[in-house]
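Here's the structure, in structure tokens; my notes come after.
Numbering starts at 1 and runs along the sequence shown. Every heavy atom of this structure was used, including side-chain atoms; hydrogens, water molecules and symmetry mates were not.
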Amino acid sequence: MGKGGEKGEESGECKPQVRSYTWEEIQKHNLRTDRWLVIERKVYNVTQWASRHPGGQRVIGHCAGEDATDAFQAFHINPSLVQKFLKPLLIGELAPGEPSQDRDKNSQLVEDFRTLRKTAEDMNLFRASPLFFSLYLAHIIAMEALAWLMVSYFGTGWITTLILACILATSQAQAGWLQHDFGHLSVFKKSSWNHIVHKFVIGHLKGASANWWNHRHFQHHAKPNIFKKDPDVNMLHIFVLGESQPIEYGKKKLKYLPYNHQHEYFFLIFPPLLIPVYFQIQIISTMIKRRFWADLAWAISYYMRYFITYIPFYGILGSLFLLTFVRFLESHWFVWVTQMNHIPMEIDCEKHKDWLSSQLAATCNIEQSFFNDWFTGHLNFQIEHHLFPTMPRHNFWKIKPLVKSLCAKYGVHYEEKSLGKAFVDIVGSLKKSGDLWLDAYLHK
């Protein structure tokens, strides 16, 4: 341990000596083999512990060398409890003359946002309504039951099967929004209860993996629309997004696909294939490769329940076809809703913005209505959700005016649009990026 260990223990510190660090020194430790974080001016070496992080090691790596205070508060419903894991990792603190924020971020904006979070806590906006989530789960189970009753009483005709598929796709989409709530720890006060029900909803009701979702989705929230950090903008060379990437591809004469037509082939590739093909392959392979056996067991329980229910009516091949068609329908729903808030927004490399500015640059809202709330799982309040991921979604409308006021104070653009325009903007932004690629490909 070294000298000064007894002194460190008497002062309540976990490390033998509390050192002071400058931001210049801290920012050097942002490698995969060397990761430091700053939380409330305390400096932590998370290099060895990152692999044991419940939310995945990549999300920690994305914040290495930075002030991670706002990200830490955003993702944990009981930060004081999580502090016990941080204590052994403490290596020092920011030097007295160093600002609390790195890279010349607007300290007053950051402080005002943290004050807003405290206001939300005082307003009990992080307290979930048991009735809301109970009714939400009930309406999903009711749709599952209705689908079975339909085929039981009306048979397996084409019209009945088509209606049944639409009901099951609706149930799957809504279960997707519900697992999102539990995955973000926004329902129960205890993380463990959220994790348990999350595995039930995403595993038994959808046949997917909670760990796969956590490790992927938290990266998206920590660094939305940031290349090499947000997996949601890793398009595997199928699409080019934003303004910088298409120009880079064009200058390098990269042409994996005719990107100037990506707004057209988007309809053939993205909505119909994301869930039934790409996600299914990724989920199954991830559960096996990373040995997520509990998740695999939950997923198997979904498929057993599904086939036990529908093989007596459709047979094995018919049930497989029905499941694939349901996934196909759900995939369209999922893609249009999840991409409307992000693809038309700023997509670029890391710029190290403060939490508020980075989230607002990458997200936009959709106008509120009862239908929009239900259809999108309240992701029409994407801005509020990204700022406060653990806030129960039924409270987003309450914090929205305060968020808009704070954005107006600092000139941060707060974008809101209609549902129809949001869908059109997806295609428009893809066309714009494709045109940028073609121009750079031909002329630069």
Side-chain angles (χ1 to χ4, degrees), residues 37 39-40 53-56 58-60 62-63 67-86 110 113-134 136-137 176-202 210-211 213-224 230 232 338 341 354-356 358-360 362-363 365 373 376-400 402-403 406:
L37 295 177
I39 299 174
E40 296 180 341
H53 181 233
R58 289 185 178 180
V59 69
I60 285 186
H62 296 339
C63 297
D67 175 33
T69 303
D70 292 312
F72 177 76
Q73 293 178 341
F75 294 132
H76 301 98
I77 59 176
N78 192 344
S80 59
L81 179 64
V82 183
Q83 286 288 346
K84 71 177 184 180
F85 296 102
L86 289 175
V110 173
F113 172 73
R114 292 175 185 173
T115 299
L116 174 60
R117 181 178 181 85
K118 182 64 170 60
T119 300
E121 292 171 353
D122 294 340
M123 294 171 64
N124 291 323
L125 297 186
F126 289 92
R127 182 178 298 174
S129 165
L131 179 62
F132 175 87
F133 289 105
S134 296
Y136 209 92
L137 176 60
W177 306 145
L178 184 61
Q179 70 81 21
H180 181 259
D181 298 312
F182 290 104
H184 275 297
L185 314 179
S186 64
V187 181
F188 296 108
K189 292 182 179 180
K190 290 186 176 182
S191 298
S192 58
W193 281 102
N194 284 294
H195 290 313
I196 291 170
V197 181
H198 184 217
K199 287 185 180 295
F200 167 77
V201 176
I202 196 173
N211 284 321
W213 184 89
N214 287 339
H215 293 183
R216 179 187 177 93
H217 195 64
F218 291 157
Q219 292 182 71
H220 162 69
H221 269 268
K223 297 291 181 179
D230 180 1
D232 287 1
T338 57
N341 303 105
D354 61 85
W355 182 259
L356 177 75
S358 64
Q359 302 298 334
L360 267 292
T363 58
N365 274 11
D373 291 351
T376 68
H378 286 86
L379 293 182
N380 50 327
F381 290 94
Q382 191 73 244
I383 291 173
E384 289 71 27
H385 169 59
H386 264 255
L387 292 176
F388 309 104
T390 61
M391 181 179 290
R393 57 162 127 154
H394 52 72
N395 287 333
F396 288 153
W397 67 275
K398 298 177 182 178
I399 196 66
K400 176 181 175 180
L402 301 181
V403 172
L406 181 60

Would you say the side chain of [Y] lies within less than 4.5 Å of the side chain of [X], judging by non-hydrogen atoms?
X: Leu402; Y: Met123; result: yes
X: Thr119; Y: Ile399; result: no
X: Pro392; Y: Val187; result: no
X: Thr69; Y: Trp355; result: no
X: Phe133; Y: Val197; result: no
X: Leu185; Y: His76; result: no
X: Phe72; Y: Leu86; result: yes
X: Asn78; Y: Lys190; result: no

Is the closest side-chain donor-acceptor distance between His184 and His198 under 3.5 Å?
->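 No, no side-chain donor-acceptor pair sits under 3.5 Å.
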
Please find the pair of heavy atoms, one from [X] and one from [Y], that lie closest to each other, and give the distance.
X: Leu379; Y: Trp177; value: CD1-CZ3, 3.9 Å
X: Trp213; Y: Gly183; value: CZ3-CA, 3.5 Å
X: Leu37; Y: Ile60; value: CD2-O, 4.0 Å
X: Ser134; Y: Pro130; value: OG-O, 2.7 Å
X: Phe188; Y: Asn194; value: O-ND2, 2.9 Å
X: Asn395; Y: Asn124; value: ND2-O, 4.1 Å

Using only atom types and a distance under 3.5 Å, with no angle test, would you say the side chain of [X] pairs donor to acceptor with the backbone of [Y]?
X: Asn365; Y: Ile383; result: yes
X: Asp230; Y: Pro224; result: no
X: Ser186; Y: Asp181; result: yes
X: Gln179; Y: Gly176; result: yes
X: Gln219; Y: Asn214; result: no
X: His62; Y: Ala222; result: no

Distance check, rounded to the nearest 0.5 Å: [X] atom [atom1] versus [Y] atom [atom2]?
X: Thr363; Y: Phe381; atom1: OG1; atom2: CZ; answer: 13.5 Å
X: Phe126; Y: Met391; atom1: CZ; atom2: CE; answer: 4.0 Å
X: Gln73; Y: Glu40; atom1: CD; atom2: CD; answer: 5.5 Å
X: Arg117; Y: Leu387; atom1: CZ; atom2: CG; answer: 10.0 Å
X: Tyr136; Y: Arg393; atom1: OH; atom2: CZ; answer: 4.0 Å
X: Ile77; Y: Ser191; atom1: CD1; atom2: OG; answer: 3.5 Å

CA sep, side-chain torsions, deciding dist, call: Phe388, Leu116, side-chain contact (heavy atoms from CB on, under 4.5 Å) | CA-CA 11 Å; Phe388 309 104; Leu116 174 60; 4.1 Å; yes

Quick one: do Asp354 and Arg114 make a salt bridge, cutoff under 4.0 Å?
->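 Answer for the salt bridge query: no.
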
Arg216/Asp232 ion pair, N-O < 4.0 Å =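 Answer for the salt bridge query: yes.
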
May I have the step-by-step check of side-chain hydrogen bond (donor to acceptor under 3.5 Å, both in side chains) for His385 and His180, ending in yes or no?
-> CA-CA 11 Å; His385 169 59; His180 181 259; 3.2 Å; yes

Trace of the side-chain hydrogen bond (donor to acceptor under 3.5 Å, both in side chains) decision for Asn380 with Asp373 = CA-CA 7 Å; Asn380 50 327; Asp373 291 351; 2.7 Å; yes

Where do His215 and His220 land on the ring pair (Phe, Tyr, Trp, His ring centres under 6.0 Å) test, with the steps shown first?
-> CA-CA 9 Å; His215 293 183; His220 162 69; over 10 Å; no

Can the ring centres of His394 and Phe132 be said to be less than 6.0 Å apart?
-> yes

